[in-house]
Q: 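One structure, pasted below without further comment.
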Amino acid sequence: MSPRARAWLPLIGPLVLIAVWSLLVQSKAVNPILLPGPGVTLAHLWNATVGGTMGADFLATLSRTAQAFAIATVIGVPLGVALGASESLYRSVEFLVDFFRSTPSSALIPLFMLFFGISDFNKVAISAFAAVLVVMFNSAYGVMNAKRTRIMAASVMGASPWRIFRDVLLWESLSQTFVGLRSGISLALVIVVVAEMFIGSENGLGHRIINAQQVLNVKDMYASILAAGVLGYLLNVGFLLLDKRIVHWSGRA
Amino acid sequence: MSALPVGVNAAPVDATLPPSARAQITIRGLSKRFGDAPLYEGFDLDIPRRAITSIFGPNGCGKSTLINMVAGLIPFDRGEVLFDGKTLRQTTIGYVFQNYRDALFPWRRAIDNIRYPLKLAGRSKPEVERRIEQLVASFQPTFDLNRYPYELSGGQQQLVSIMRALAPEPEVLFLDEPFSALDYEMTLFIRDRLQQVFIETGTTMVLVSHDLDEAVWLADTIVLLTRRPTRVAELMRFEAPRPRDIGTLTDAGFTVAKAHALGVFQREVRKAEGASR
């Protein structure tokens, strides 16, 4: 296959999806009230974004996700690196981290409502809590898996434990930290959308999706789901690009 | 040129001798066991100054473990290692790892890897740059030092490692099988550079090698080790004049020295086989 033809390959999946979607609608295999066609849905997404409030909801969700993620990063990375640097410290909290990492964060939403009410901060707090554990765990893991030879190389050159930490361990952990940040921001988005649905909210994609469903505005529901998908995808791709730029040696050294 | 065994000198450091006549590194009563098996038991060795010393021995006798203990990379159970009567902490050493890929810092450019030990030592910016210029002049790398290590070939990376290890002008340079992951052409080139630096600076070097040709060709003293528990089977001198070149490999003196070392090596391997039966 020529490189030119190869470049078109990623388009095949989406085209097949749209074709199957159209077929389902046109053959009336699915009740048209429950599933509008792809053309109508995409047109609605466009109109709601250009002339409607989709943009505002998109930005509201993005803003909450970004705040939650910022909190998770500021707490999770330094804490994770510190935990990773001390094996005994890590072992002593390993069970707690693993336990709460395995607990579905959505199960804690009612608990957070007790403490923070139905404020906007609540949505950010629960989402930050979910992300912080993933970020912390990965940073700790990155430090613990630092190449022994690199640590020895720095130590034999006379680096103090603090310099080894700053000049070697932090850098060594960056690659794994980025894995954590990428999972963290996806998780933050998931929890923000859930929180927008079930903790009283005036805006955001989660709020929009559940509202549209309740008044059977299915076009808007599908369009909002697509918008949430676009947001998640862009965040993921953005982080991949950032990862490649910052951790330029990843996978090559 | 001769290949005379000179025997093990286990005398304590003689402080009355001038420093130039004293051994640079004195290892006394070094002991190390892994689990129940003793690897070293009361091991003594003197490593001469301003000379290249090769360490050669059967597989598993702990050649790398020996220099790792001397360089402070792994702890030992008992014994003492002194550098000119000083402890390791008071001594500047350089260390070249077999695995250059894991030893270099991939987040720093090659040149910044070389600068790193100088910055650690707190040298001023002009001092650092002057030292870098010296290193570039003596190694004459044919590649761009502003590249990242992963953009360089294996040999180029190992050359950067050696430049980094030599940057702070160490009193001793340790090399742990530095050529074993390189192709033959690069090995010859780097060996030659290393010898050149030795001729220019007289830096004491300790080389672990599993290649007898290389161990003899580079060295002034060859330490032949036994199987574990490891002792010195023989200390051998090889006194061919420097610079040595490819031709040295076919000199009569080299051939005699190598044959002698091989004889000692085979005797030790057989002895161990006999003992285990």
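Throughout, a chain's letter reflects where its sequence line sits, starting with A, and its residues are numbered from 1.
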Q: Measure distances from B/Phe174 to the heavy atoms of chain A and classify the residue's part below 4.5 Å as side chain, backbone, both or neither.
A: neither
Q: Which pair of non-hydrogen atoms, one from B/Ala103 and one from A/Ala153, has the smallest distance, and what is that distance?
A: O-CB, 3.7 Å
Q: What do you reckon, is CG of B/Asn146 surrounded by more than 12 foreign heavy atoms closer than 6.0 Å?
A: yes
Q: Nearest 0.5 Å, what's the CE-CD1 distance between A/Met157 and B/Ile93?
A: 11.0 Å
Q: What part of B/Pro117 is in contact with chain A, defined as an atom under 4.5 angstrom from a non-hydrogen atom: side chain, backbone, both or neither?
A: both
Q: How about CZ on A/Arg101, more than 12 heavy atoms from neighbouring residues, nucleotides or ligands closer than 6.0 Å, or not?
A: yes
Q: Which atoms of B/Arg108 are under 4.5 Å from chain A, going by heavy atoms: the side chain, the backbone, both sets, or neither?
A: side chain
Q: With chain B as the partner, which of A/Leu174, A/Val156, A/Val247 has the greatest number of non-hydrogen pairs under 4.5 Å?
A: A/Val156
Q: Any non-hydrogen side-chain atom of A/Asp167 less than 4.5 Å from a side-chain atom of B/Phe105?
A: no
Q: Which pair of non-hydrogen atoms, one from A/Arg150 and one from B/Leu104, has the smallest distance, and what is that distance?
A: NE-O, 2.8 Å
Q: A quick test of your reading: do over 12 heavy atoms of other residues, nucleotides or ligands sit less than 6.0 Å from NZ of B/Lys86?
A: yes
Q: Restricting to pairs with a member in residues 67-92 of chain A, which pass ring-ring contact (aromatic ring centres under 6.0 Å, His included), not counting sequence neighbours?
A: A/Phe69-A/Phe239
Q: Identify the two heavy atoms, one from B/Pro106 and one from A/His248, that lie closest to each other, and give their separation to 0.1 Å.
A: O-CE1, 3.6 Å
Q: Is the number of heavy atoms from other residues, nucleotides or ligands within 6.0 Å of CZ (A/Arg4) greater than 12?
A: no
Q: Could you tell me the separation between the CG atom of B/Asp102 and the NZ atom of A/Lys147, rounded to the nearest 0.5 Å?
A: 4.5 Å
Q: Determine, step by step, whether B/Phe97 and A/Met152 satisfy the side chain to side chain contact (heavy atoms under 4.5 Å, CB included) criterion, reporting the C-alpha distance in whole Å, the side-chain angles of both residues, the deciding distance to 0.1 Å, and the verdict.
A: CA-CA 10 Å; B/Phe97 294 83; A/Met152 289 200 286; 4.0 Å; yes
Q: Write down the atom of B/Trp107, the atom of A/Glu172, and the distance for their closest heavy-atom approach.
A: CZ3-OE2, 3.4 Å
Q: Got more than 12 heavy atoms from elsewhere within 6.0 Å of CZ, A/Arg163?
A: yes
